[in-house]
2 protein chains.
Amino acid sequence: MTLLDTVVMRGLGLHGALSPEDKALLLGLELNPKRVSAGEVLWQEAADVDLFCVVKEGWAYSYRNLGNGSMQILKVYLPGDIIGMRDFGFSRRLAGVAMINDGVVSPFTYQQLFDLFGHSPALASCLIATTVRQQAMLTERLVYLGRYAAHERLAHFLYELYLRLQRIGAIEDNGFAMPLSQEQIGDALGLSAVHVSRTFSMLRDEGLVQRDRQHVALPDPDALARLVEFNDTYIDESLPPAFQAFQKLER
Amino acid sequence: MTLLDTVVMRGLGLHGALSPEDKALLLGLELNPKRVSAGEVLWQEAADVDLFCVVKEGWAYSYRNLGNGSMQILKVYLPGDIIGMRDFGFSRRLAGVAMINDGVVSPFTYQQLFDLFGHSPALASCLIATTVRQQAMLTERLVYLGRYAAHERLAHFLYELYLRLQRIGAIEDNGFAMPLSQEQIGDALGLSAVHVSRTFSMLRDEGLVQRDRQHVALPDPDALARLVEFNDTYIDESLPPAFQAFQKLER
DNA sequence: GGGTGTCTATAACATAAGTTATGAATAACT
DNA sequence: AGTTATTCATAACTTATGTTATAGACACCC
């Protein structure tokens with residue numbers, strides 16, 4: 001899973017018409033793949049910001065450990081995502097990042113990013129757009145944490161994962177591997193592990209979600225989407241016309 | 001209140017050494033000031049993304065109206081802030097924006113932003129860093145919504161406003177004008193208006209917050225900061241060394 | 001292969017926050 | 001100035017979610 005597969009192929013980027021230099025720049029971010037194992041911490045909160053990562057295999061999450069002993073998971077990263085852009089422009093990490101299961105990541109440096117920015121404004125604006133989209137997902141979770149009940153939060157979380165996994169071809173028969181424990185899901189949704197379990201049972205009884213250990217199936221994704229009134233604006237990946245014009249101009 | 005006052009003077013940007021062209025580009029975003037009145041909607045959710053705004057006077061907020069009838073306020077904008085960058089790279093607005101009180105805003109276009117990006121990568125990276133910082137504030141609220149109780153959320157919210165207002169010289173005797181109603185504060189913190197009132201009473205009884213209509217005073221800001229274990233990493237405005245090196249290089 | 005730990009389901013109970021209601025204080029309007 | 005509409009404080013009651021506890025299922029390890 002390379003950035004070319006995600007950033008570009010998804011309609012972001014230049015609609016299949018990346019210049020060779022742009023392709024090289026993008027691939028240059030993925031030259032140092034590194035095997036990482038489940039639970040491994042890629043960096044801690046408040047660590048120096050030195051590099052970013054492309055997730056090539058496996059899932060990761062960013063988190064904050066809080067003074068009251070609890071943890072808030074901010075975001076789950078899937079293959080093809082870039083980790084760490086949240087910290088762009090900061091000296092220290094705002095959140096830690098850890099692997100959920102075994103995987104492969106490709107670290108790249110600030111320097112590489114700046115090189116890319118300097119050489120291809122079009123590609124830079126693409127990467128920024130990707131980052132903004134990731135933030136939009138966070139905003140969507142904020143909305144759910146603020147104003148929706150547990151079953152809606154969980155349904156939304158699962159449906160969002162479903163859409164993101166679909167995009168990278170990781171959905172089979174409406175089901176997917178789910179390496180997060182209920183405790184971790186609770187940490188993402190601001191719920192206790194017990195209540196996550198209760199809520200899963202509830203969604204199961206309503207026929208909306210089937211779960212067996214590390215496997216989740218959504219028998220009727222559309223029904224789930226209706227339940228959470230899924231707003232897909234933020235997951236839509238087309239760029240606005242002004243943006244495309246700019247990118248053409250730059251080449 | 002211009003961007004030069006905020007983006008640049010705050011240590012973001014080139015440490016007082018902006019080139020004349022960069023200054024002109026920045027000021028170019030503020031050529032069309034426009035008077036707006038309390039409650040005025042700058043744009044609705046899902047509207048086309050055509051422009052962004054610098055807030056010159058007054059407060060604004062971005063919001064989402066939800067299917068269940070409630071509203072989630074995402075962010076409060078103060079003078080010197082840029083509104084709308086959240087939507088950069090999207091065709092449609094992810095959130096509406098409305099004025100809280102009377103004020104003045106300066107709209108600028110996608111085109112202007114791209115011009116700036118094309119002409120000054122250094123300034124572009126500054127604007128991006130500013131946007132990322134705004135997003136970091138959102139993330140901080142996400143953490144509070146997920147894992148802290150009402151009194152901590154409110155204390156944190158007030159203290160963050162306090163710090164931001166201090167930066168633009170809007171704090172007097174540890175107090176500031178607070179045009180938000182308790183209902184709106186509730187919409188920002190994911191609480192009912194009634195509970196916001198209760199929580200204000202509680203903080204008042206503990207001597208942490210004084211409030212009189214549209215005026216809030218924090219008699220002991222440090223005590224408040226301790227209560228919320230305020231993490232000021234995300235409000236710190238210095239740029240990392242790599243960033244500064246890049247900016248020097250670009251000039 | 002039996003012990004050990006982690007994950008999950010469910011129950012019983014505790015509590016923070018939501019809801020509804022009411023009156024007082026303030027602001028807005030004519 | 002009097003009327004009306006917001007906003008706020010507080011109380012009484014309800015409910016969703018947290019907490020603690022327990023037991024079964026599965027994974028891991030020597």
Side-chain angles (χ1 to χ4, degrees), chain A residues 37-39 59 61 66 68-73 98 100-102 144-158 177-206 209-217 227, chain B residues 37-39 66 68-73 98 100-102 144-158 177-206 209-217 227:
Chain A
S37 48
W59 293 21
Y61 64 92
L66 309 180
N68 58 20
S70 57
M71 158 182 289
Q72 177 68 46
I73 290 182
I100 297 168
N101 45 11
D102 294 347
Y144 270 79
L145 287 195
R147 288 296 185 210
Y148 284 95
H151 68 279
E152 294 161 313
R153 291 188 213 173
L154 181 55
H156 182 268
F157 182 72
L158 293 175
M178 158 56 105
L180 287 161
S181 71
Q182 295 190 354
E183 171 119 44
Q184 290 170 322
I185 295 174
D187 286 337
L189 301 181
L191 298 169
S192 67
V194 173
H195 204 57
V196 171
S197 176
R198 274 198 284 250
T199 309
F200 260 121
S201 302
M202 198 185 125
L203 291 176
R204 169 183 22 86
D205 294 347
E206 289 177 8
V209 175
Q210 285 160 13
R211 206 178 55 81
D212 180 43
R213 289 271 130 191
Q214 307 234 330
H215 189 266
V216 168
L227 169 67
Chain B
S37 48
L66 310 180
N68 58 21
S70 58
M71 158 184 287
Q72 176 69 45
I73 290 182
I100 296 168
N101 45 12
D102 294 347
Y144 272 79
L145 287 194
R147 288 297 185 208
Y148 285 95
H151 68 279
E152 294 161 313
R153 292 188 213 173
L154 181 55
H156 183 267
F157 182 72
L158 294 174
M178 158 57 103
L180 286 162
S181 71
Q182 295 191 352
E183 170 117 44
Q184 290 170 322
I185 295 174
D187 286 338
L189 301 181
L191 298 169
S192 67
V194 173
H195 203 56
V196 171
S197 175
R198 276 197 283 250
T199 309
F200 260 121
S201 303
M202 196 185 127
L203 292 176
R204 166 177 32 79
D205 295 346
E206 289 176 9
V209 174
Q210 285 159 15
R211 204 179 54 82
D212 180 42
R213 289 274 130 191
Q214 306 235 332
H215 189 267
V216 169
L227 169 67

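Below, chains carry the letters A, B, ... as their sequence lines are ordered, and counting in each starts from 1.
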Any Ser201(B) side-chain N or O less than 4.0 Å from OP1/OP2 of dT10(D): yes
Is a side-chain donor or acceptor of Ser197(A) paired with a backbone partner of Ala193(A) at a separation under 3.5 angstrom? no
Considering only distance and modelled atom types, tabulate donor-acceptor pairs under 3.5 Å from the side chains of residues 179-186 of chain B, sequence neighbours left out.
residue, atom, partner, partner atom, Å
Ser181(B), OG, Glu183(B), N, 3.4
Ser181(B), OG, Gln184(B), N, 3.1
Gln184(B), OE1, Ser181(B), N, 2.9

Can you measure Arg211(A) atom CZ to dT10(C) atom C1' for me and round it to whole angstrom units? 14 Å
note: Met202(A), atom CE; dA16(D), atom C1'; distance rounded to Å ~ 11 Å
Length of the line joining Phe200(A):CZ and dT17(D):P, which is rounded to integer Å: 15 Å
Rounding to a whole Å, what distance do you find between Gln182(A):CD and dC26(D):P? 14 Å
Going 5' to 3' through nucleotides 12-30 of chain C and flagging B where a protein heavy-atom sits under 4.0 Å of the base, S where only the sugar-phosphate is that close, and - otherwise, we get B----BBBB-----S----
Do you know the tightest heavy-atom contact between Ala188(A) and Phe157(A)? CB-CE1, 4.2 Å
Report the end-to-end axis angle of the helix from dG1(C)-dC30(D) to dT30(C)-dA1(D); each axis comes from five terminal pairs, and the value is rounded to 10°. 50°
Sequence neighbours excluded, which residues qualify as salt bridge (Lys or Arg N to Asp or Glu O under 4.0 Å) partners of Arg198(A)? none
Can you check side-chain contact (heavy atoms from CB on, under 4.5 Å) on Leu189(B) and Tyr144(B), steps first, answer last? CA-CA 8 Å; Leu189(B) 301 181; Tyr144(B) 272 79; over 6 Å; no
Please check: side-chain N/O of Asp102(B) versus main-chain N/O of Ala38(B), any donor-acceptor pairing under 3.5 Å? yes
I'd like to check Arg211(A) versus Leu203(A) (side-chain heavy atoms, cut-off strictly below 4.5 Å). Are they in contact? no
Please work out if Ser197(A) contacts a base, only the sugar-phosphate, or nothing of the nucleic acid, heavy-atom cut-off 4.0 Å. base
Sequence neighbours excluded, the answer for side-chain hydrogen bond (donor to acceptor under 3.5 Å, both in side chains) partners of Asp205(B) is none
Arg147(B) side-chain N/O to Leu191(A) backbone N/O, donor-acceptor pair under 3.5 Å: yes
Under 3.5 Å, which protein N or O atoms sit close to an N or O of nucleotides 28-30 of chain D? Give each pair with its distance.
none

Nearest-0.5 Å distance that lies between atom CD in Gln210(B) and atom CZ in Arg204(B): 10.0 Å
Specify the separation, in whole Å, of atom CG of Leu189(A) and atom P of dT17(D). 11 Å
Between C1' of dC8(D) and CD1 of Ile185(B), the distance in whole Å: 11 Å
Gln214(A) atom CD is separated from dC26(D) atom C1', nearest whole Å, by 11 Å
Show the nearest heavy-atom pair for residues Asp187(B) and Gln72(B), with the distance to one decimal. O-NE2, 3.1 Å
From CD of Gln184(A) across to P of dC7(C) the rounded distance in Å is 8 Å
